Every structure is written in C-alpha cells, then in structure tokens.
Chemist: 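Questions regarding the structure given below will be posed in turn.
What you see is a predicted model; the values in this text were computed from it and never measured.
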Amino acid sequence: MLNVKRYKRVPVVPYPEREWPNKEIEKAPIWCSVDLRDGNQALIEPMNVEEKTEMFDLLVRLGFKEIEIGFPAASQIEYDFLRKLVKEDRIPDDVTVQVLTQCREHLIERTFEAIKGIKNVIVHIYNSTSTLQRNVVFHMDREEIKQIAVNATKLVKKHARNFPGNLQLEYSPESFTGTELDFALDICTDVYDTWDRENDNPVIFNLPATVEMTTPNVYADQIEWMHKHFKERENIILSVHPHNDRGTGIAATELALLAGADRVEGTLFGNGERTGNVDIINIAYNMFSQGIDPELQIENVKEIVDVYERCCKMQIPMRQPYAGKLVFTAFSGSHQDAINKGEHALKESGSKIWEVPYLPIDPSDIGREYEPVVRINSQSGKGGVAFVMDTVYGYKMPKGMHREFADVIQKISEKMGGEVPPEVIYQNFCEQYIGKEEPFKFIKVKVEDLGQHDSKISLVFQYKGEEIVAQAEGNGPIDAVKLAIRSKVDADIRILDYTEHALGEGSNAKAAAYIHMRNNKTGEDTYGVGLSSNITRASVRAMFSALNRLYKE
C-alpha cells in the first residue's frame, strides 16, 4: 500500500484577488527555444557540433527569434559551437542568441569571451532560491543567496560596458516554484536595481517551474502575483520556463500567459530534464487551433519531427499531440462515422471555417496527409471503411452498402489480429465487387433508345461458362437487361436502388455504378459495383456484380 504519509501537500498561494481566470490568450508570446541547451543536456547522447548546427538552422527556419545555444563556459563543445556560428556568420541579424552561466566570476568571464562578435545576445544568469535548496544544498540564508545574484549582476554589468553588441540581461531565480513569493520578488528587485537600466533593453525575469510541485492554477497565481508586484513593470519581460514533472506543463504555461507572462522558454516536443520542458510546438498548435497566429513557421510538422529525431536520437510518441503518427487517426467506429459526416458537411457547406468532429485542426494545415485519418481494426465501424474508400480511392458507396462491406473488413481484421491497411481494404473491395465473374460473366451490351425512356438491348453474357445471347425491351437499359437475363436464366431479381458517380476527373475519368439488388425467392439482398468509361456499361457491370454475390456457388 502506498505510504502517502511520507509526502506533504505543497501549500497554495493565498491570492483571492486573482484575475487570470477571466482572461483569454489573445496573441503569441515571445518564444525562446532552449533545445540546444536544456534539451541537449537531457539527451542520452548529446548532439555533436554538426547536429547542433542542423538543429540551430531548423529553429531559425521555424521563426524563433530567441535561441538559447548553450552553456559555453561549462562545455568545450558548446563553446566551439558558439564560435562556429560566429565565424560562419550563421546567426541572422534578427535572431538573438542566449547563453547561460552560473553566477560565478570565472564562468561569466568565459561567457563573454564566447560571445565576442555576436550582434544580439541575452546573458542569462541564475542561482537556486528555493527554501529546500537553501537548506540542504547551499546551507545559506536569504541574504547570502540574494548576494550571489547581485554580485553576478555586477559582473555582467561590468563586462557589458565593453561589449560592442546589443546585450540583454536575464535572471532566473531557479526553483522559483519552491521559493517564497516575497523572497522571489526581493531578489529580482535587487537584481533590477543593481543593473540600474544599464541599457535601454528591458530586463528578463525568468520564473521557472524548475520542478512542477502542484496544480497549474497555483503556478498561475504565483506568476500573476509577481506580475503585479514588479516595480517598473513596463521595463521588465516576465518569462516562464515550465517543466512537466506532473504532466501539466502545457496547462501551467497557458495559465501563466493568462496571468501576465510575456515570454516562454521551452523545447520542440518537450524534451528536457526528467519529464521534460514545456512543448512549444504543442502550445503553438493549440493557439493555431483557436485562430491565433503562433508567429512560428510550423506548417510542416513532419520536417520538424524528422530533424528532431535525427539530431536528438529520440522518437516522437505515437500519441504526441499534433506530431504523433496516430493523433489524427480514428479507430472507433462512432468517431469514424462522425469524421466522415463532418467532412461531407464541410464540403457541402463551402464554409472556410474548419469544423469536423474529433479533429481540432485540419491535418493538412500542418503537413499531415488525410490518408491515415481513419484507420481500420476490429473495433472500427461502417463509417470508417466508407471513409477510406471515399477519401483514398474515390468510391462513394451508397449508405446501405457501408455495413455490408464493413462486415467483410471486420472479419479480415479479426483474422489478422490488428489494423487493416487501406490497400488491403481496396483489394478486398475489388475481389468482392469488381472481380467476381462466376457464375455470371458480362461480355457486351448494345442499347437502342426507343423513346419515352424505353430501351431495347442486345446482351451477351456467360452463365456457368455457357455463352448466352438475349434481347429484351424495358423501361430503360437496367430494366431491359434484367428482363433479358430472366428470359434465359432462372434469376428472379428486383432492383432496389441505383446510384452512380464519376471516379476521377478529366477525359480519362470512369463512371462508378452501384446496384442494390434482391433475390425475390430467398429475400436476400446485396450490392454490386461496376466500372466503365461508359455509364450504361458501368451500370450493367454493377448488375452482374450483384448477381454473382446473390448466386455465388
């Protein structure tokens, strides 16, 4: 039994004046990718310089204007990578690179050596401030911890005066979520006063959920409290850096944006220490799904996944929001039916607003194909099979035919013990409806129009291998063919329904015809399908298809 008494509940923030619950996200924040630092350090096999370069180029293409490229004072490979970017002039003028350093003099000096020649840079200093770390790691009181941050700010300020580029200060009270709010504000205020508006750039105060400790609403309360208590708030960029220990990093970030955060640090797909950082791609697509421009070039999630998996040597889970292979896939029969109906309703309405059940966004908007939207297994329903045949192969089966063919595919799925791919569905469709030629085989038909919808036909077909020629007159070609067959073979049939549509476009398009037929002696009914460049021959082929299903031996 779980020993719950070992754990104490993290206290909530007494903050009844909170305003964030009544707000909505209206615009994208400042995005800062930390894939090359926080994400990289969490890899089983960290990226080499070539992989880091490929990842950096991807982040630039995606539109990130702030990219944390590493901890150059702590690692030679990160120092070399930074110098490579400078020497090869790979940093665009509108991109600011961010470098991280602990609040130590020799590390700050080494950091400034690494950033020589960079036009726009954020120097990010941090030290841990939480009650727990003060007590068990540093054995320091508040004033001693605060002095570390103040001294580091003085050092950055000193070096900044000789730095020719555009420099911005960022300070993080690491383990902010475990830090008393009054102390977090006190230490940030002293850093701000020490910096003393060294240049015109606003100071970035980054308030990380270094460890997620409680529900996202509490983090939002903490962010709003800081947002409202910072002095000279207009000169401050409030940044968040959420982790995902409780699995609520996305929610915590979105609520923090409601609470006043201006900026988000995170990674592609949430890679990072332990359970990871917040997934920027996820939040950006969430915004997109609400009609908000995420201000990132993320139209092709497949390219992002390919580069990420190659450089990070990690796989995107199949159920990862937006990016996973199965997130736009429905196996459930009721889901498939709803998607199918939603797709048709959208086309019929001509609406420019995307509204399809179970699909919060159009997969094609982010570079995903429609083909795998519905996948078929033993739990699927008739709507799913019809959706695949329509969207992948163009066959718009009559509604009554959906169940008949779905039963065929369900038996195959149960036999295979898993998913039935579209090509297998199509193969069985052809075998069941297009390719059957026993005991009836259509050879040719000649139709003569008699006026007033009447037709005279001359039909040649085989029955059990014997060639038969028959003529008849009827109320249209289908009725005449039925009478011609009945005149030569004991086949008491009734046509219940007939539909047709073009299969494809242009001069090479074929007609697809569907006949719903009943055996009057047994009461059994079924469907037949016919294809031809001529609509009359397509309908006749559909009749023979249905006959072969009703009179199979």
Chemist: Atom NZ of residue position Lys313 - does it have more than 12 heavy atoms of other residues, nucleotides or ligands inside 6.0 Å?
Modeler: yes

Chemist: Can a donor-acceptor pair be found, under 3.5 Å and without considering hydrogens, that links the side chain of Asn277 to the backbone of Gly266?
Modeler: no

Chemist: More than 12 foreign heavy atoms under 6.0 Å from CE of Met318: is that the case here?
Modeler: no

Chemist: I'd like to know whether CD of Glu24 has more than 12 heavy-atom contacts from other residues, nucleotides or ligands below 6.0 angstrom.
Modeler: no

Chemist: So which heavy atom on Ser334 is nearest to which on Tyr358, and how close?
Modeler: O-CE1, 4.3 Å

Chemist: To the nearest 0.5 angstrom, please state how far the OH atom of Tyr527 sits from the CZ atom of Arg403.
Modeler: 13.0 Å

Chemist: Restricting to non-hydrogen atoms, name the atom on Leu503 and the atom on Ala512 that form the minimum distance, rounded to 0.1 Å.
Modeler: CB-CB, 4.5 Å

Chemist: If every non-hydrogen atom of Met287 is compared with every non-hydrogen atom of Pro29, which pair is closest and at what distance?
Modeler: CE-CD, 3.4 Å

Chemist: Is Leu547 close to Met517 at the side-chain level, that is, under 4.5 Å between some pair of heavy atoms?
Modeler: yes

Chemist: Could you tell me whether Lys436 and Glu431 have a side-chain N and a carboxylate O separated by less than 4.0 Å?
Modeler: no

Chemist: Looking only at the side chains, is there a donor atom on one of His344 and Asp390 sitting less than 3.5 Å from an acceptor on the other?
Modeler: yes

Chemist: Judged by modelled atom types alone, do Tyr322 and Gln320 share a side-chain donor-acceptor pair under 3.5 Å?
Modeler: no

Chemist: Looking at side-chain heavy atoms only, is the closest gap between Val60 and Arg90 below 4.5 Å?
Modeler: no

Chemist: Taking C-beta and beyond as the side chain, do Asn300 and Ile366 meet within less than 4.5 Å on heavy atoms?
Modeler: no

Chemist: Around atom NZ of Lys510, are there more than 12 heavy atoms from other residues, nucleotides or ligands closer than 6.0 Å?
Modeler: no

Chemist: Does some side-chain heavy atom of Leu58 sit less than 4.5 Å from a side-chain heavy atom of Tyr308?
Modeler: no

Chemist: Assess whether a salt bridge exists between Glu78 and Arg37, defined as any Lys/Arg side-chain N lying under 4.0 Å from an Asp/Glu carboxylate O.
Modeler: no

Chemist: Would you indicate whether Lys23, at its atom NZ, is surrounded by more than 12 heavy atoms from other residues, nucleotides or ligands within a distance under 6.0 Å?
Modeler: yes

Chemist: Is a side-chain donor-acceptor pair under 3.5 Å present for Thr391 with Glu343?
Modeler: no

Chemist: Have Asp35 and Ser33 got a donor and an acceptor in their side chains that come within less than 3.5 Å?
Modeler: yes

Chemist: Is it the case that the side chains of Tyr395 and His501 hold a donor-acceptor pair, with the cut-off being a distance below 3.5 Å and no angle test?
Modeler: no

Chemist: Between Glu265 and Arg263, does any side-chain N to carboxylate O distance fall below 4.0 Å?
Modeler: yes

Chemist: Decide whether Asn286 and Glu254 meet the rule of one side-chain donor and one side-chain acceptor closer than 3.5 Å.
Modeler: yes

Chemist: Kindly compute the distance separating CG (Asp38) from CD (Glu273), expressed to the nearest 0.5 Å.
Modeler: 6.5 Å

Chemist: Determine whether the aromatic ring centres of residues Tyr426 and Tyr393 are separated by less than 6.0 angstrom.
Modeler: yes

Chemist: Minimum heavy-atom separation for Ile535 to Ala511, with atom names?
Modeler: CD1-CB, 3.5 Å

Chemist: Hey, could you give me the OG/CZ distance between Ser364 and Arg368, rounded to the nearest 0.5 Å?
Modeler: 11.5 Å

Chemist: With side chains defined as the heavy atoms from C-beta onward, is the minimum distance between Tyr498 and His516 less than 4.5 Å?
Modeler: no

Chemist: Between Glu404 and Thr526, does the side chain to side chain donor-acceptor pair (under 3.5 Å) criterion hold? Intermediate values first, please.
Modeler: CA-CA 8 Å; Glu404 178 178 282; Thr526 190; 3.0 Å; yes

Chemist: Mind listing the closest non-hydrogen atom pair of Ile425 and Phe405 along with its distance?
Modeler: O-CZ, 3.4 Å

Chemist: Check whether any side-chain heavy atom of Phe328 lies under 4.5 Å from a side-chain heavy atom of Ile361, and answer yes or no.
Modeler: yes

Chemist: With a cut-off of 6.0 Å (strictly less than), are more than 12 heavy atoms of other residues, nucleotides or ligands near CG of Asn508?
Modeler: no

Chemist: Within a strict 4.5 Å, meaning less than it, do heavy atoms of the Val356 and Leu359 side chains meet?
Modeler: yes

Chemist: Determine the minimum heavy-atom distance between Arg486 and Ile493, stating which atoms define it.
Modeler: NH1-O, 4.3 Å

Chemist: I want to check a possible cation-pi pair here: Arg549 against Tyr433, using under 6.0 Å from ring centre and within 45° of the ring axis as the test.
Modeler: yes

Chemist: With a cut-off of 6.0 Å (strictly less than), are more than 12 heavy atoms of other residues, nucleotides or ligands near CZ of Arg494?
Modeler: no

Chemist: Kindly indicate whether the side chain of Thr214, heavy atoms from C-beta on, has any atom under 4.5 Å from the side chain of Tyr219.
Modeler: no

Chemist: Please list every donor-acceptor pair under 3.5 Å in which a side-chain atom of residues 456-476 meets a protein atom from a residue at least two apart or in another chain.
Modeler:
{"from": "Lys464", "atom 1": "NZ", "to": "Glu553", "atom 2": "OE2", "distance (Å)": "3.3"}

Chemist: So that I can tick it off, tell me whether Lys302 and Asp306 are bridged by a salt bridge, with the cut-off set at under 4.0 angstrom between side-chain N and carboxylate O.
Modeler: no

